[in-house]
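Before any comments, here is the structure.
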Amino acid sequence: MRNKICEELNNSDIGKLVNLCGWVDRRRDHGGVIFIDLRDHSGFLQITINPDDGASLFKQAETLRNETVIRVSGIIHERPKDSINKNLSTGELELKVKDLHILNQIKNNLPFPVSIHDYENTKEELRLKYRYLDLRRGKLLENLKTRHKIIKVAREYLDNYGFTEVETPLLTKSTPEGARDFLVPARLSNGDFFALPQSPQLFKQLLMVGGLDRYYQIAKCFRDEDLRADRQPEFTQLDLEMSFVSEEEIISFNEKLIKKIWKDILNINLKDAFPRMSWADAINNYGTDRPDTRYKMLLKDLGEVLGNIGFNIFTKAVKSGGCIKSITIAGGNSSISNVRIKPGGDIFQVAQDAGAGGLAFIRVKGHELETIGAIKDNLNQENISDILRITEAKDGDLILLGAGDTKIVNQSLDRIRQYIAKNLNLIAKEKWNFLWITDFPMFERNEEENRYEALHHPFCSPKNIKFENSEKFRKGIEGSTANAYDLVLNGLELGGGSLRIHEAEMQKEVLRTVGLTDQEIDEKFGFLIEALEMGAPPHGGIAFGLDRITMLILGADSIRETIAFPKNQQAKCLLTQAPANVSKSQLKELDIEITIDE
RNA sequence: GGGACCGUAGUUCAACUGGUUAGAGCACCGCCCUGUCACGGCGGAAGUUGCGGGUUCGAAUCCCGUCGGUCCCGCCA
């Protein structure tokens with residue numbers, strides 16, 4: 001049908017007869033001569049049609065509209081010197097049409113223009129509903145190609161190191177812990193359900209037990225939770241697992257993989273080793289376990305200075321086991337007004353939304369501190385110099401203070417820090433600040449449900465704890481740190497992993513710690529425990545969010561820009577209108593009854 | 001489940017503080033135009049201002065509800 005594509009054409013084709021297929025991107029009808037920008041997947045070529053080329057051909061050409069699908073045959077000509085278009089790679093060429101076939105016409109007005117310069121201004125709702133048109137505009141196709149290249153680099157890299165790509169089941173078992181499952185009714189055992197995997201976690205561990213040694217997969221994962229710009233109900237992990245490795249070996253191996261991807265895709269050399277930070281340091285200094293280190297404004301603890309100056313809110317915070325912490329905004333005296341940090345102001349609101357009761361502030365003016373009387377009146381000269389030393393604040397700086405429950409103080413100062421960084425344009429956008437977070441706690445206390453929850457998942461192994469007996473375990477495990485690590489880039493979690501538990505007794509004890517009874521352990525994870533009892537090797541791995549990696553590499557605002565057919569925020573596919581009703585007979589076959597009112 | 005913002009022609013936007021017949025670019029239809037490249041010129045058609053209710057002499061504009069979209073919190077690694 002065609003023997004060339006637009007991008008391939010160059011001066012050596014002048015004089016040749018070529019056949020091209022594609023879409024009418026634009027037409028310029030001068031009455032006498034008609035110019036068509038022909039677009040295919042590779043690029044553009046201007047084609048021209050003259051009345052002298054034949055009356056019927058010309059008449060047909062007059063009917064062409066944007067997005068008409070055509071096949072043209074003709075001779076490639078050099079354009080007249082004064083009509084060269086430098087914006088086009090084929091701008092010195094044009095095709096004089098001898099033969100024109102209309103392969104398909106458009107029925108009505110298009111829901112949005114396909115031509116590239118209108119790309120930014122299209123409502124996403126329309127782009128999702130008519131995704132094929134959006135793809136045709138090229139930008140999205142480029143994104144998908146970049147995604148493809150990232151996967152290709154990873155595959156080649158992992159293949160070179162002896163990894164085997166294995167597909168694990170999509171129809172699997174619902175497990176407690178973690179996110180809500182997507183369920184699939186099982187017709188052949190009615191009343192029972194499969195669950196779509198939240199990750200291939202247990203299967204990849206079983207592959208290690210099976211002696212595969214090194215596994216990877218471009219794995220679809222499913223989590224039935226609410227969506228965000230960087231969260232879709234189905235998403236893709238670059239998932240891998242290795243046997244007989246230490247935490248250090250996994251981290252340094254994967255660091256090389258990430259560096260390889262950045263080199264091959266962006267041609268960026270990440271020379272230095274990625275910095276490492278313990279979970280505790282991250283929380284203490286940034287208030288979050290995925291700090292954005294592109295800007296400073298670190299959290300500083302002022303509990304010792306302000307805890308007993310006699311200001312009631314501060315005193316209570318420290319006495320009840322909480323803290324007083326601050327962030328320093330350089331030059332904040334001029335860039336941030338009092339209105340914004342007092343009740344009703346936007347920054348105050350950020351603190352309040354994060355759970356903080358209030359937001360105190362100190363403005364540094366020369367060697368003086370300006371703040372509310374209740375604080376200022378209680379400060380002596382030593383307090384003042386302590387504050388200036390700890391907060392590293394200088395003349396003109398603004399110090400924001402949070403006091404109370406440590407978790408809430410951390411959370412609110414973290415959010416304020418991010419908010420102000422964005423607001424004052426403090427983020428060095430060109431930086432790629434990778435960061436390994438290590439030494440996560442094994443568990444987090446869920447006070448509402450009065451139980452422990454696994455911080456990563458309950459298959460991470462605890463650090464420096466050997467199984468001796470259950471009693472010792474129980475005490476040791478609860479407060480221990482895990483052999484777990486996350487990779488953070490510019491404040492976004494790119495991936496995480498751990499050394500897994502490879503001993504049955506240890507695994508049972510950890511599952512008991514998160515509140516499962518022995519019977520539940522047997523029902524839900526019996527197959528895993530059994531496998532661990534049959535010679536499971538020490539193993540560990542990591543999973544990266546492929547959609548997020550692609551998003552960051554593309555500089556996109558949403559992972560939807562990296563996915564061919566994403567869901568909207570209501571988890572609906574606007575193109576197919578899924579999810580949708582199914583017929584009564586389908587439900588009957590499954591013995592399922594819908595009880596909600598229509 | 002909660003908060004914020006948004007919804008006007010096929011599309012992107014405008015319409016001041018509530019005030020004539022809701023305008024413009026692109027697209028569409030018709031006519032003209034032989035070197036344009038976001039071609040140009042003249043003319044035309046195109047609207048239940050998401051939907052429903054309320055306030056008002058008068059509503060795209062104000063209020064309430066509802067539907068749809070985006071961002072965020074909760075939730076989720």
Side-chain angles (χ1 to χ4, degrees), chain A residues 25-38 44-53 58 65-67 77 79-88 90-91 94 96 106-130 133 177-181 198-199 201 221-233 235 237 289-290 346 349-350 352-355 411 415 418-419 437 440 444 448 453-457 460 484-488 492-498 542-545 548 557-558 560 568-570 572 574:
Chain A
D25 192 66
R26 277 204 129 76
R27 98 201 120 93
R28 290 175 293 280
D29 185 344
H30 285 234
V33 62
I34 298 174
F35 299 101
I36 303 286
D37 290 335
L38 176 74
F44 299 86
L45 177 70
Q46 172 164 287
I47 68 178
T48 65
I49 301 133
N50 271 278
D52 357 319
D53 297 335
F58 191 76
R65 293 295 174 266
N66 291 351
E67 296 313 306
H77 284 259
R79 288 204 199 182
K81 288 259 161 7
D82 55 350
S83 346
I84 288 170
N85 184 346
K86 285 184 177 143
N87 299 321
L88 277 183
T90 59
E94 63 188 11
K96 286 199 190 297
I106 58 161
K107 198 177 167 194
N108 292 314
N109 248 325
L110 295 169
F112 54 81
V114 172
S115 290
I116 192 70
H117 61 271
D118 296 308
Y119 179 80
E120 297 296 335
N121 282 329
T122 310
K123 284 198 185 77
E124 195 173 5
E125 189 175 355
L126 287 173
R127 293 180 52 211
L128 291 173
K129 184 168 179 185
Y130 303 99
L133 276 188
E177 288 287 307
R180 196 176 291 116
D181 286 316
Q198 295 180 25
S199 81
Q201 182 60 37
C221 304
F222 305 87
R223 292 175 191 169
D224 188 6
E225 299 292 348
D226 286 7
L227 286 75
R228 291 285 186 281
D230 61 354
R231 270 162 44 186
Q232 284 269 305
F235 62 100
Q237 285 186 343
D289 60 2
R290 45 183 177 89
D346 58 333
Q349 191 63 44
V350 171
Q352 206 168 40
D353 289 348
Q411 177 164 302
R415 295 222 190 125
Q418 292 188 49
Y419 181 81
I437 304 293
F440 283 79
E444 199 173 31
E448 279 166 30
E453 283 175 346
L455 208 72
H456 269 87
H457 51 59
C460 298
Y485 34 83
D486 275 3
L487 182 63
V488 172
L492 237 91
E493 187 202 323
L494 276 198
S498 62
I542 196 166
F544 295 104
R548 286 185 187 175
D557 291 327
S558 157
R560 293 188 298 275
N568 76 351
Q569 196 166 41
Q570 307 308 314
K572 285 182 178 133
L574 293 178

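Per chain, numbering begins at 1; letters A, B, ... match sequence-line order. Bear in mind that the values here come from a model prediction, so they are computed numbers and not experimental data.
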Return yes if the base of B/rG35 and the side-chain atoms of A/Lys96 contain a donor-acceptor N/O pair under 3.5 Å, otherwise no.
-> yes
Is a salt bridge present between A/Arg231 and A/Asp226, judged by a nitrogen-to-oxygen distance below 4.0 Å?
-> no
Would you mind classifying the nucleic acid contact of A/Pro80 as base, sugar-phosphate or nothing, using non-hydrogen atoms under 4.0 angstrom?
-> base
From CG of A/Leu494 across to C1' of B/rA77 the rounded distance in Å is 12 Å
Identified pairing partner of B/rA59, criterion: Watson-Crick or G-U wobble below 3.5 Å = none
Could you give the distance separating B/rC62 and B/rG7 at their P atoms, to the nearest angstrom?
-> 10 Å
Please check if the side chain of A/Tyr485 supplies one atom and the backbone of A/Gly496 the other of a donor-acceptor pair under 3.5 Å.
-> no
Find which nucleotide of RNA chain B each of A/Leu110 and A/Asn50 is nearest to by heavy atoms, and output the residue with the more 5' nucleotide.
-> A/Leu110
Spell out yes or no: do the side chain of A/Arg79 and the base of B/rC37 have one donor N/O and one acceptor N/O closer than 3.5 Å?
-> yes
Between the side-chain atoms of A/Arg127 and the base atoms of B/rG69, is any donor-acceptor pair under 3.5 Å?
-> no
Hey, is the side chain of A/Arg28 pairing donor to acceptor with the base of B/rU34 inside 3.5 Å?
-> no
Test for a donor-acceptor pair under 3.5 Å between the base of B/rG74 and the side chain of A/Asp226, counting only N and O atoms.
-> yes
Pairwise C1' distance, B/rC33 and B/rG41 [rounded to whole Å] | 8 Å
Kindly state whether the pair A/Phe112 / B/rU11 counts as stacked, where counting means centroids closer than 5.5 Å and planes tilted less than 30° apart.
-> no
Could you state the CG-P distance from A/Leu88 to B/rU36, rounded to the nearest angstrom?
-> 15 Å
Whole-Å C1' distance, B/rG30 and B/rC71 | 45 Å
Taken to the nearest whole Å, CZ/A/Arg180 to P/B/rG1 is 11 Å
Would you kindly check whether a donor in the side chain of A/Glu125 faces an acceptor in the base of B/rU70, or vice versa, at under 3.5 angstrom?
-> no
Can you find an N or O donor on one side and an acceptor on the other, under 3.5 Å apart, linking the side chain of A/Glu225 with the base of B/rG74?
-> no
How close or far is atom C1' of B/rC37 from atom CG of A/Leu45, stated in whole angstroms?
-> 12 Å
With the threshold set at 4.0 Å, does a side-chain nitrogen-carboxylate oxygen contact exist between A/Lys96 and A/Glu94?
-> yes
Say you pick atom P in B/rC26 and the same atom in B/rC64; how far apart are they, in whole Å?
-> 39 Å
Decide yes or no, distance alone: a donor-acceptor N/O pair under 3.5 angstrom between the base of B/rC75 and the side-chain of A/Arg231.
-> yes
Determine, step by step, whether A/Asn568 and A/Glu125 satisfy the side chain to side chain donor-acceptor pair (under 3.5 Å) criterion, reporting the C-alpha distance in whole Å, the side-chain angles of both residues, the deciding distance to 0.1 Å, and the verdict.
-> CA-CA 8 Å; A/Asn568 76 351; A/Glu125 189 175 355; over 6 Å; no
Heavy-atom nearest nucleotide on RNA chain B taken for A/Gln411 and for A/Gln569; more 5' hit belongs to A/Gln569
Roughly how far apart, to the nearest Å, are B/rU20 and B/rA15 at atom P?
-> 14 Å
Has A/His30 got its ring stacked on the base of B/rC39, with centres under 5.5 Å and planes less than 30° apart?
-> yes
Spacing between A/Leu126 atom CG and B/rC6 atom P, to the nearest angstrom = 19 Å
NA contact type, A/Gln349, heavy-atom cut-off 4.0 Å: base, sugar-phosphate, or nothing?
-> nothing
Mind checking A/His456 for me? I need base, sugar-phosphate or nothing, with any heavy atom below 4.0 Å counting as a touch.
-> base
Can you measure from CZ (A/Arg127) to CG (A/Leu574) and round to the nearest 0.5 angstrom?
-> 12.0 Å
Rounded to the nearest 0.5 Å, how far does CG of A/Leu38 lie from CZ of A/Phe44?
-> 9.5 Å
C1' gap between B/rG18 and B/rG25, integer Å = 28 Å
Taking the C1' atom of each, how far is B/rC5 from B/rG43, in whole Å?
-> 41 Å
Nearest-angstrom distance from the residue atom CG of A/Asn568 to C1' of B/rG68 | 9 Å
Using the C1' atom in both, what is the distance from B/rG47 to B/rU8, to the nearest Å?
-> 8 Å
Go ahead and name the base partner of B/rU70; Watson-Crick or wobble counts if both distances stay under 3.5 Å, otherwise write none.
-> B/rA4
Sugar-phosphate, base or nothing in reach of A/Asp52, heavy atoms under 4.0 Å | base
